[in-house]
Each structure stands twice: as C-alpha cells, then as structure tokens.
Trainee: 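Here's a structure for you.
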There are 2 protein chains.
Amino acid sequence: MLASETVENYLKAIYLVQREAAAGEAPVGKVAAALGVTAGTATSMVKKLVAAKLARHERFGGVRLTPKGTRAALDILRRHRLVETFLVDTLGLDWSVVHDEAERLEHAISPMVLDALDRHLGRPAFDPHGDPIPRADGAVQESEAMPMSELGAGDGARLVRVLDQRGDSLRFLRASGLKVGATLRVVAIEPGAGVMRIRPDGGTVVSMSTTAASRVLVRPVRGRD
Amino acid sequence: MLASETVENYLKAIYLVQREAAAGEAPVGKVAAALGVTAGTATSMVKKLVAAKLARHERFGGVRLTPKGTRAALDILRRHRLVETFLVDTLGLDWSVVHDEAERLEHAISPMVLDALDRHLGRPAFDPHGDPIPRADGAVQESEAMPMSELGAGDGARLVRVLDQRGDSLRFLRASGLKVGATLRVVAIEPGAGVMRIRPDGGTVVSMSTTAASRVLVRPVRGRD
DNA sequence: ACCTAGAGTTTGAGTCGTCAAACTCATGCG
DNA sequence: CGCATGAGTTTGACGACTCAAACTCTAGGT
Ligand SMILES: [Mn+2]
Ligand SMILES: [Mn+2]
Ligand SMILES: [Mn+2]
Ligand SMILES: [Mn+2]
C-alpha cells in the first residue's frame, strides 16, 4: 500500500523494462541500469518486492510484477504522465524537460490532487509524448502505431508517439516540427547510410538515423503524394 | 545547496518557530514537536545544520538560522505557499487540505517549475491563508494586521490572514463565511466565557473562542455600525 | 545556596537504500 | 564435454534518519 518513493521507482522501472523485453520478464541488470543503481542493489530490492508480493522472481532469472505490482506501477505511471501533461499544457514547459520534473513530482501527488489535476486537464488520454495515460481503474489504451523507420519512401504518416525521453532527442524533434499530431512524409531512405529523410507538413526536410526513427511511432496516412 | 527533503523540513520548521519565539531563537523541543520527531533526533539534526553553516546553536540553548539558512528556509516557504495557491486557485481544492499536500510537493518543485507556476498564478503576493509568499529574492512582505481577539464589540474589520493551519479550524472558518478578504463585525464579547460573537458580512453570527480568534488576523475597518 | 523539574543531549540500536568486491550460476563456444 | 564469460547474487560496510532510554544541564522555587 504505502510504497516508498524508491519502491515506486522500482515498480515503474520493472513495468517499463518488462514491456520492452520479449519474454515479458525484466532482467535485473536492465532494471538496475534504468534506475542508475548497481545490480546488487537491484537484487536486494527485488527481494523486498517479492516479500511484499509485488513481484515474482527466481534466482538468476528475470523479475515479473504480480497483478498487485502491476496495478501499483500503473498508478505511478498515471501520476507521471498526468504531471507531464500538466507541465506542458498548463505551465507551458517544453516537452523535453518535463520527464525529469515528473520523475520527482509523481511521488508527491495524492489521490485527491491527482483527480483534481485530471479534471483540470480534461481527463486526457495521452501525455505530451503520446504515451497513454493509464486510467484511474488501471486500464491502458495503447495507441495503434508503427515505428517511423518502417515507412517507405513517399509514405505519409501522422506522428503519434515518441518513445525516447532523452532531452536532446525531444528538442531535435520539436525544432524539426515533429511533434505529436504532426503529419509528415518520407522523402527518401538511404539504407546504406542508415538514414531517412523526412519532411514534416509545413516544414523543411530533416535527416534522422533509422535507429532514431524507430523510436518515433506513426500512423500511416493515405498517401496523396 | 542540495538540501535533502529532511533538511528542508527542519529549516522551514526552525524558521517558523523562530518567528514565534520571543527571543528570536527556536527551542529544540519546539522544533522537534513541529516535525513530529523526538528531541534527540532534532538535536542531532541541528548539529548537522550547524556543521553546514545553516544554523547556529549552543548546547542547551536555542537554534537560530544563519543568513544562509534563512535564505534556504524562505525558498522552501516560497515553494510551499505558491503550491498552496496553485492547489486552491487552479485546481480548486479547499484551503483546509492544501497545507498537507504542499508539505510534500514543496520538495519536488524545481526552480524552473516554480517560476512557471509563479507566472501562471500571476505572481501572487499571498497564499490562500493570507500568508505572504516570499519573493524569489527572499523578500517577505508581512501584512499589517492585528489579532481578531483584540477587536472590541461593534468593531468592523477585514480578515487578512489565518495563522492556524489545522484542517478543522479552516473548515469551520470557511463554513462560517470567514475567508481571507471577507469583512465582518464583532457583535458581542463575553470575556467571562472567553467567547466572541462575530457576524461576517452577509452571513449569520458565529461564536469563537478568543484563543481561536487570536489566530485570525484582521485589519480594522472604519466602523459604519 | 540548594534541589528538583523540565529541557536538552548522548548513546546504542534499528531501518532503508546504497556501493564495491567477492562469489555463484547458466550457457554457449571451442 | 569443459570451461570462460557475463549476468546475477551475496557480503560487509556505510550514510542518512530515526527512536528509546539513560544522562546532563539550567533555572526556579524554597
Ligand atoms: Mn520517480
Ligand atoms: Mn511521457
Ligand atoms: Mn515538507
Ligand atoms: Mn499557507
């Protein structure tokens, strides 16, 4: 029930690492890396989570949240993403800085403040990066989308989500006119160089590595080329 | 510089206790009580503050913040009161609940968020309880006011500040129509019972103990009785 | 001048979260 | 197979914060 700030961070990290990992299991080392902590530290915390029935784990294996742990993680994720939305929509901060701010604020938001915030923002479904905001009951509505890297030359698409939370990535995208909701077209692809050239609607052409492009999710748009 | 959440709480508590105390010194016991901690715990933390040049203290004496400590305390107080103002003005929470919420949020507000919040709120000078919000440079503008308990029968006044942060006190005042900015008149005083009878403009008469009334600050208004 | 009640301090111990370094396991390569 | 490599775990230690209980000082009465 009363998870410490540290426990909250672990739960959220495990949840997110678990989402990525193929096996649906979070390797302890990945969790440790996500939190900037040594593997040994993560191991001992995982034991605590297991004792609290928030996670399951077997020696030398991966971690997996229990339903209870998942529920708690979604609650934290909800706070995190609502706070990000508030910082951008109400306070006007840039989407490249809100992640770090929310990382601290998420732990200080009571259910009462959370609900008032949610109402004030008009019960948004997505945060500034296009990440779905889990609902109060724990439901998450992931949006249908594909990596921009899978588009072909000439394809049009709408940007729906940015997975990379790094400040410089987000600043680059904003400066290029690539924000959530923007439409764009793939001008060219250079597989040898590992680069795609993208033109946002009403903007100028920019080059991105396909790796970077794979962390930008889009929904294809009937091409009127 | 980088004070922990705990240190921030001590600095704020010492500042506030110091404001109350006659000698301008905060008794360690009072600080401990304000933080809900044992006296021994407070003693050891005070030593840390002294080592960090945030406070001065001599054995068996009181604590006093250094200029550096005072500056830090005012910064925390600024965060606290701006957050309270936000919770009431923007999110619509009741003034009786925001103190506890701000007690946690104040530690998670970065300078950037603080400034955005300040701008969003229109750079307010007072919080919902009428407490002055220290400015970014550390200036505090205490408002001229006297305890309501010092009014005489028939006197009119405007409510400018409520010192008591207790939820039930604040709920009682709100329910009586006694909020910051309201005008009121003293209907009667019963020194024997230690009670005053107050009529808020446009409201019905309420009784309050003079002790409670002494924590409500007012500015007298030219009586048109 | 005492002496004691109350305020403050010290001590010893515990929890939480962390690290470095030694150790153990699982595996896949030779 | 056999074993080196890397992932994960254990151990011992530490800093920050806290408490209970023993101890010490100060100040006010008498
Ligand atoms: Mn966090
Ligand atoms: Mn986000
Ligand atoms: Mn606080
Ligand atoms: Mn206040």
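Keep in mind the model is a prediction, meaning the values are calculated, not measured.
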Trainee: Of all nucleotides in DNA chain C with an atom under 4.0 Å from a non-hydrogen atom of chain B, which is the first and which the last going 5' to 3'?
Mentor: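 From 5' to 3', the first and last contacting nucleotides are C:dG8 to C:dT10.
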Trainee: Salt bridge or not between A:Glu5 and B:Arg104? Use side-chain N to carboxylate O under 4.0 Å.
Mentor: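 Here A:Glu5 does not pair with B:Arg104 in a salt bridge, since their nearest N and O are not under 4.0 Å apart.
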Trainee: Between B:Glu142 and B:Arg161, is there a side-chain N and carboxylate O pair less than 4.0 Å apart?
Mentor: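 So B:Glu142 pairs with B:Arg161 through a salt bridge.
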Trainee: Identify the residue among A:Leu159, A:Val216, A:Val162 that makes a side-chain contact (heavy atoms from CB on, under 4.5 Å) with A:Leu178.
Mentor: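 Among A:Leu159, A:Val216, A:Val162, the one that satisfies the side-chain contact (heavy atoms from CB on, under 4.5 Å) with A:Leu178 is A:Leu159.
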Trainee: Would you call B:Asp118-B:Arg78 a salt bridge at under 4.0 Å N-O?
Mentor: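 B:Arg78 and B:Asp118: salt-bridged.
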Trainee: Hey, is the side chain of B:Thr41 poking within less than 4.0 Å of OP1 or OP2 on D:dC17, counting only N and O atoms?
Mentor: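 Result: no.
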Trainee: Would you say A:Thr43 reaches D:dG8's phosphate, i.e. side-chain N/O to OP1/OP2 under 4.0 Å?
Mentor: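 No, outside the criterion.
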Trainee: Identify whether NZ of Lys or CZ of Arg in B:Arg19 sits under 6.0 Å from the centre of the six-membered ring of B:Tyr15 and within 45° of that ring's axis.
Mentor: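 Checked: cation-pi criterion met.
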Trainee: Report yes or no: do B:His129 and B:His99 form a side-chain donor-acceptor pair below 3.5 Å?
Mentor: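 The criterion, which ignores hydrogens and geometry beyond distance, is not satisfied for B:His99 and B:His129.
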Trainee: For A:Pro27 and B:Ser4, take the nucleotide of DNA chain D holding the closest heavy atom to each; which residue's nucleotide lies nearer the 5' end?
Mentor: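 Comparing both residues, the 5'-ward one is A:Pro27.
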Trainee: Less than 4.0 Å between a side-chain N and a carboxylate O, is that true for B:Lys30 and B:Glu20?
Mentor: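 Salt bridge absent between B:Glu20 and B:Lys30.
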Trainee: Looking at A:Leu35, A:Leu65, A:Leu54, which one forms a side-chain contact (heavy atoms from CB on, under 4.5 Å) with A:Ile14?
Mentor: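 That would be A:Leu65; it is the only one of A:Leu35, A:Leu65, A:Leu54 passing the side-chain contact (heavy atoms from CB on, under 4.5 Å) with A:Ile14.
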Trainee: What contact category does B:Gly40 fall into here, base, sugar-phosphate, or nothing, at under 4.0 angstrom with non-hydrogen atoms?
Mentor: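 Base contact.
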Trainee: Give me the atom names and distance for the closest heavy-atom approach of B:Met196 to B:Ala213.
Mentor: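 Closest pair (atom of B:Met196, atom of B:Ala213, distance): SD-CB, 3.6 Å.
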Trainee: May I ask you to decide whether B:Glu8 forms a salt bridge with B:Arg79, counting only side-chain N to carboxylate O separations under 4.0 Å?
Mentor: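 Answer for the salt bridge query: yes.
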Trainee: For A:Ser44 and for B:Lys30, find the nucleotide of DNA chain C with the closest heavy atom, then tell me which residue's nucleotide is more 5'.
Mentor: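 The residue closer to the strand's 5' end, by nearest nucleotide, is B:Lys30.
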Trainee: Which angle, rounded to 10°, do you find between the first-five-pair axis and the last-five-pair axis of the helix from C:dA1-D:dT30 to C:dG30-D:dC1?
Mentor: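 Rounded value for the end-axis angle: 20°.
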Trainee: Going by an N to O cut-off under 4.0 Å, is there a salt bridge joining A:Glu103 and A:Lys12?
Mentor: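 A salt bridge links A:Glu103 with A:Lys12.
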Trainee: Is A:Gly62 touching bases, backbone alone, or none of the nucleic acid, heavy atoms closer than 4.0 Å?
Mentor: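 Here A:Gly62 touches no strand at all.
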Trainee: So which of residues 46-60 of chain A are in contact with DNA chain D, with a heavy-atom cut-off of under 4.0 Å?
Mentor: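 Those residues whose heavy atoms fall under 4.0 Å from DNA chain D, taken from residues 46-60 of chain A in numerical order, are A:Lys47, A:His57, A:Arg59, A:Phe60.
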